[in-house]
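In what follows, a single structure is set out as C-alpha cells and then discussed.
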Amino acid sequence: MDTYLLKSTACMFILWAFYKLLLEKESAHMFKRFFLLGALLVSFTIPLIVFEEYVNPEVNSPISYEASQNEPVLNQEQPNHNVVVTDYDTVNWTLLLFSIYVLGGAAFAFRFIKHLLQIVNRIRNNPKIKEASYIKVLLGDLLPPHTFFSFIFLNKTQLEANQIPNEVLLHEQTHARQLHSLDVLFIEFLQVIFWFNPILYLYGKSIKLNHEFLADQAVLEKGQPRKSYQNTLLSYISNESLKTYQSTGIANAINYSSFKKRFIIMKKKTSRKSMVLRSMLLIPLSALLLLGFSETKIIEMQKSEPQEPNEVYAQRPEKQFVLLVHKSQILLNNENVPLQDFAVTIDVLTENWEEPDYTSVIVQANFSETPITFLEKVEAEFQKTHLAKANENMNVFPEGYQNRVVQEGASRKLMAEYNKLAKYYNDMPRNNMHIKGSDIERLEYIYSLMSDKQKADAEPFPDFPEPPAMPEAPVPVRPVEPKSDRTPSTLEAAGVPVPRSVVGVAEPPLPPEPEDPLDHIISMAKKGATFYFEDEKISSDKAIELLKNNTDLNIQTTRTNSKNPKVKISKSPITFERK
C-alpha cells in the first residue's frame, strides 16, 4: 500500500508539472480541464497495472562456503550482555498511523459536509427566481456572486438595484452551464480520502483557476470588451469588499488572488498547431510513466517432473528444449515461434545434434490458458519433426494434458445464441419436431467451446430424436393377365382380323421405377420450380430440407415441362377434383 501511494503521488506530480510548464498559460481551457481530471485518474490507475514476464527457471547449484578465521560466523549465537529489551520499548506504529489517518479523514469529511450544508441552507432559506436553466438565489448577506450547479447566489439588494453587471451574471452562468461544480466535488472527495497528499491541493487550485479561465473566455466570446470586463472584475477587490466578503466553501466564486494570471491569459491565443505539438508530448510521457510506475511480475515457467538424465545428456547440457504455450503464443527456448514454423524451427534447432542427443533429450513443456484445439495443433506439428520420429511414441506435452486444460469458455454472444436455439428446440413437441441440420451443427460447435460451469448454467442440450431411415423404393408389381388362347395366330385361324401392329410384337417393358422424392425435388429446383408448403410459398432450400427431415410428405408437381413448374408439398394427402 505504501508503494502504491508513493507511485501514484509521483505520477500526479509529474503530470501536474507538465501542466504548469506547457499547458496552463495556453488558451485551450476545455482541453486543460479534461487533462487535469484525466491526470488524476491515470495517476491512481498506472500503479495498479501489472505486466507479466515469463522466464525460464534457474537451477542454482549448491555453493560451499567456508568462513575464514577473520570473518564472523553469522549463524553462531553470541551472547549480548549490553542490550535489555523491555515491553516499554515496543510501539505499535501501524495502529498509531492508522489512528492519525482516521482522525484526519474525519476532520476533512466534517469540513466537506459542513460546506454542503451551508449551500443547502442558503438555497432553502432564501427567495429564488427561476430563469431558463438557472435559479437565482437572493441572499441577504453580502457575499460575492458564486455558483453551485444550476444555483447562482447573488446579493438581493445589489440585484434589485441593478448593481451587478451583466458580465458577472454571464460569468456565473458559464460555471452553471459547464457543470464546474462536478469537478470541484470530485477533487474535494479525493481530498477527504487522501487528505495527507499535498499534490491534490495543487490540482484543486489549478482546476478552480481553469474554471475561471473558461468563464472569462465565455464572456469575451459574447463580444464584451476585454478592458471593460477587467475593470468590472477589479471593482470586486476594493478594500471594503475584501473585509466584507466571506468564504463560499465549495461553490465557484470570484478568486481575487488569480486576477493577474487571468488578465494575462485573456490576451493569449494558442494556435491549433501549438496544441497538437504539446499534446504529442503526452505519448512519450505516458510511456515513461508506465515504464517507471507500473509493476512487472516475473513468472517462472513450471518445471516438468524431475527425470533422471542419462550419461549422454549429462555430458551435453547445452542441448535443451524448453517450450511454453500461452493462449495462442508459442515460446521455444524463450523465443516466439509461429505455429506454422514450429516444426521447421525444431528441426533447425536440432540440426547439429547427434543420435544420443535425440534419444536423451528431456523436453520441458508447459501451457496456460490455451484452448485444447490449439494444443492439439502444436502436438501435431511436433510429430512432424526429426526429434519426434527419433523417439517412438514421444509427445511434446505430458500424458493426460487434455484433462489439465482450463477451458476459456464460449463468449457471451455465443452463449446467448446457444440458449436461444436450445430453448427453441427444448420447447418444441417431441412428436412433431422440425429440425434443421445447420442448427444441430451450430449447437454442437458452441457446446464444445463451453466450460463446465457454462454447460451447467446453460439450457440443456436438446434431446434430438434419431432421424428416420429413408424408405426403400417400392417394387413395381406387374399385373398378372389371365391365360387365354386368343393369340394372334388363333384369332387369324378363326377368321378374326388382327391389326398388323399387334402381330409379332413382344410384350411391353416394365414401367420405370418411381423417382426418389428428394431427387425429384432437387431436379425441380434445378429447373427453377416454385415450391409451396401447406399453400405457403417457400424456397427450394427449404423444400429440400423438409424432404430430408420427413420423407412421408406428399408431393404434387404441375407444369412439369413448362418453364415455371410448381411443386406443392403437404402433410395431408393431396386430392384431385375432376371437373
Side-chain angles (χ1 to χ4, degrees), residues 1-26 28-55 94 97-98 100-102 104-105 108-109 112 179-211 213-214 270 274-301 324 326-329 331 334 336 368-369 408:
M1 187 64 181
D2 296 340
T3 305
Y4 169 76
L5 292 176
L6 289 173
K7 288 182 177 181
S8 61
T9 303
C11 284
M12 283 185 206
F13 179 76
I14 292 172
L15 291 171
W16 178 81
F18 178 86
Y19 171 81
K20 293 291 289 185
L21 293 173
L22 297 177
L23 296 179
E24 185 181 56
K25 296 181 181 179
E26 305 304 320
H29 306 310
M30 190 61 70
F31 173 81
K32 292 176 349 187
R33 178 187 183 186
F34 290 107
F35 172 84
L36 288 169
L37 297 175
L40 288 171
L41 297 176
V42 167
S43 299
F44 286 113
T45 303
I46 285 180
L48 298 175
I49 297 175
V50 179
F51 294 100
E52 295 181 353
E53 180 180 349
Y54 291 88
V55 297
T94 303
L97 293 175
F98 180 74
I100 294 173
Y101 169 76
V102 171
F108 277 83
F112 179 65
L179 297 176
H180 293 167
S181 297
L182 281 177
D183 304 356
V184 176
L185 287 179
F186 176 64
I187 191 66
E188 291 284 337
F189 177 74
L190 290 179
Q191 288 176 354
V192 171
I193 300 175
F194 302 101
W195 58 267
F196 51 86
N197 190 335
I199 310 300
L200 282 177
Y201 300 96
L202 298 177
Y203 271 87
K205 185 177 179 181
S206 296
I207 287 173
K208 291 178 180 179
L209 178 58
N210 192 60
H211 289 168
F213 293 157
L214 285 165
T270 306
S274 176
M275 281 307 301
V276 170
L277 292 175
R278 294 169 192 269
S279 302
M280 292 295 289
L281 293 176
L282 288 174
I283 298 175
L285 179 61
S286 302
L288 289 174
L289 292 177
L290 276 173
L291 184 64
F293 299 108
S294 61
E295 182 182 350
T296 301
K297 186 177 181 181
I298 305 297
I299 300 178
E300 290 189 355
M301 294 187 296
L324 171 67
H326 178 67
K327 294 185 178 179
S328 59
Q329 183 182 15
L331 291 177
N334 213 23
N336 194 10
S368 61
E369 302 179 28
E408 293 182 340

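Along the sequence shown, residues are numbered consecutively beginning with 1.
Separation of the Y203 and F13 ring centroids does not fall under the 6.0 Å cut-off.
Taking the six-membered ring where tryptophan is involved, the planes of F108 and W195 are essentially parallel, since the angle between them stays under 30° and well short of 60°. Ring geometry, F18 versus F35: the interplanar angle falls from 30° to 60°, so the pair is classed tilted.
Between the R278 side chain and the L23 main chain, no donor and acceptor come within less than 3.5 Å of each other. At least one donor-acceptor pair under 3.5 Å links the side chain of S43 to the backbone N or O of A39. For the pair S8 (side chain) and L5 (backbone), a donor-acceptor distance under 3.5 Å is present. When atom types are taken as modelled, the side chain of N210 and the backbone of H29 share a donor-acceptor pair closer than 3.5 angstrom.
Classification of E24 and K32 as a salt-bridged pair fails, no side-chain N sitting under 4.0 Å from a carboxylate O.
The line from CG of L200 to CE of M12 is 5.0 Å long, rounded to the nearest 0.5 Å. Atom CD1 in I46 sits 11.0 Å away from atom NZ in K7 (nearest 0.5 Å). Atom CG of L41 and atom CG of L15 lie 11.0 Å apart (nearest 0.5 Å). Distance CD1/I14 to CD1/I199: 10.5 Å, rounded to 0.5 Å. Rounding to the nearest 0.5 angstrom, the gap separating the CE atom in M275 from the CE atom in M280 is 13.0 Å. Y19 contributes atom OH, which lies 12.0 Å from atom CG of L202 (distance to the nearest 0.5 angstrom).
In this structure, the side chains of F31 and L36 stay at 4.5 Å or more apart for every pair of heavy atoms. Using a 4.5 Å cut-off on side-chain heavy atoms (C-beta onward), V184 and H211 make contact. L288 has its side chain out of reach of F293: every pair of non-hydrogen atoms, C-beta onward, lies at least 4.5 Å apart.
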> Passes side-chain contact (heavy atoms from CB on, under 4.5 Å), L40 versus I187? Steps please.
Replying inline: CA-CA 9 Å; L40 288 171; I187 191 66; 3.8 Å; yes
> Checking side-chain contact (heavy atoms from CB on, under 4.5 Å) for the pair H180/K208: CA distance, chi angles, key distance, verdict?
Replying inline: CA-CA 8 Å; H180 293 167; K208 291 178 180 179; over 6 Å; no
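The shortest non-hydrogen separation linking D183 to R33 is OD2-NE, 2.6 Å.
When the side chain to side chain donor-acceptor pair (under 3.5 Å) test is applied to T9, the partners found at least two apart in sequence or on another chain are N197. Under the salt bridge (charged side-chain N to carboxylate O under 4.0 Å, His left out) criterion, K25 pairs with no residue at all, not counting sequence neighbours.
By the neighbour-count criterion of 12 heavy atoms within 6.0 Å, atom OH of Y201 is densely surrounded, having more than that number from other residues, nucleotides or ligands. For CZ of F189, the number of neighbouring non-hydrogen atoms (other residues, nucleotides, ligands) closer than 6.0 Å is 12 at most.
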